[in-house]
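Both ligands and their constituent atoms are indexed starting at 1 by order of listing. All heavy atoms count here, side chains included; hydrogens, waters and symmetry mates do not.
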Amino acid sequence: MLTRKEYEAAQKRAAVMIRDANIVVTAEEAGRVEVADFGLSRLDREGAQILTLVATDRIAAKIIVLFEGQTLPEHWHPRVGDDPGKEETIRVVRGTLRCYVPGPDTLREGFVPQGQQDAYTVRQELLLGPGGQTTLRPGTKHWFQAGAGGVVMYSFSTVARDILDQFTDPNVQRTTRIID
Ligand code: ZN
């Protein structure tokens with residue numbers, strides 16, 4: 001749950017970071033950056049700002065902004081019927097992304113949000129700077145964290161059905177509630 005004021009402040013802050021990364025977005029797009037607190041009500045620690053550039057029933061392209069210290073909770077993209085699940089390529093434009101995937105625990109630069117040890121189970125750390133990219137196969141658990149100054153990245157994927165994403169933290173609710 002976020003207040004309208006918090007939601008709009010995060011939207012504006014994300015739009016500034018997108019433009020500072022030299023990505024052109026229209027005023028209309030800047031005004032529909034989605035602020036996700038994942039139902040956890042601690043946006044500064046766990047959350048994300050997402051601008052969908054295109055989403056059809058085959059592909060999606062988004063810009064994801066994480067503020068410094070913000071973590072996008074661990075999740076995976078499940079199979080849906082005949083679709084093996086979303087395949088997602090992340091490409092960093094500005095800042096450093098800490099990306100965590102299955103494998104040996106190499107977590108050094110980043111940190112698990114306080115009190116959330118059980119909600120972050122994959123600990124292999126990939127550090128991606130501008131121009132760095134990685135592809136996440138369907139069903140692969142992953143979580144993201146911004147380095148100093150925050151991070152701006154693209155997400156290119158097959159069809160996105162965010163509402164069906166599975167999160168390790170049972171308290172996550174994908175739809176953000178805004179209170180006036
Ligand atoms: Zn994902």
Side-chain angles (χ1 to χ4, degrees), residues 10 14 17-18 21 23 32-40 42-43 45-67 69-103 106-107 109-113 116 118-147 150-176:
M17 285 176 64
I18 291 169
I23 298 173
R32 63 173 169 80
V33 172
E34 179 206 350
V35 179
D37 77 340
F38 299 95
L40 301 172
R42 44 177 182 267
L43 183 69
R45 284 179 282 159
E46 292 176 281
Q49 294 64 229
I50 302 163
L51 173 59
T52 298
L53 300 174
V54 62
T56 69
D57 51 15
R58 301 184 74 191
I59 61 150
K62 301 176 181 217
I63 298 167
I64 303 176
V65 176
L66 299 181
F67 302 141
Q70 205 178 33
T71 302
L72 194 163
E74 181 176 288
H75 66 282
W76 66 98
H77 307 288
R79 166 178 288 280
V80 180
D82 290 341
D83 183 339
K86 184 170 98 167
E87 180 185 289
E88 180 176 28
T89 295
I90 295 294
R91 181 179 176 89
V92 174
V93 182
R94 193 163 205 236
T96 301
L97 174 68
R98 303 164 183 158
C99 173
Y100 298 90
V101 293
T106 56
L107 190 150
E109 293 278 314
F111 58 90
V112 170
Q116 288 285 76
D118 294 345
Y120 293 84
T121 64
V122 298
R123 305 276 176 96
Q124 181 170 209
E125 184 176 74
L126 309 175
L127 299 175
L128 302 174
Q133 73 176 41
T134 190
T135 297
L136 301 156
R137 304 284 304 153
T140 305
K141 282 186 182 172
H142 54 283
W143 54 282
F144 300 137
Q145 187 171 73
V151 66
V152 178
M153 59 191 149
Y154 285 114
S155 162
F156 305 112
S157 74
T158 55
V159 58
R161 302 181 184 93
D162 295 352
I163 203 76
L164 299 179
D165 288 352
Q166 302 283 304
F167 287 82
T168 306
D169 183 347
N171 296 318
V172 163
Q173 290 168 1
R174 186 58 187 83
T175 305
T176 303

F38/F167 aromatic ring centres below 6.0 Å: yes
The Zn ion (ligand 1): angle it makes with NE2 (H75) and NE2 (H77), nearest 10 degrees: 110°
Chi angles and distances behind the side chain to side chain contact (heavy atoms under 4.5 Å, CB included) call for V35, L43: CA-CA 9 Å; V35 179; L43 183 69; 3.7 Å; yes
Least distance between heavy atoms, Q124 atom then G103 atom: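 The pair with the smallest heavy-atom distance is NE2-CA, 3.5 Å.
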Test side-chain contact (heavy atoms from CB on, under 4.5 Å) applied to W143 and L72, V101, V122, the passing residue: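 Of all the options given, the one that passes is V122.
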Contact flag E88/the Zn ion (ligand 1), N/O/S atoms, threshold under 2.8 Å: yes
Of all N/O/S atoms in H142, the name of the one nearest the Zn ion (ligand 1): NE2
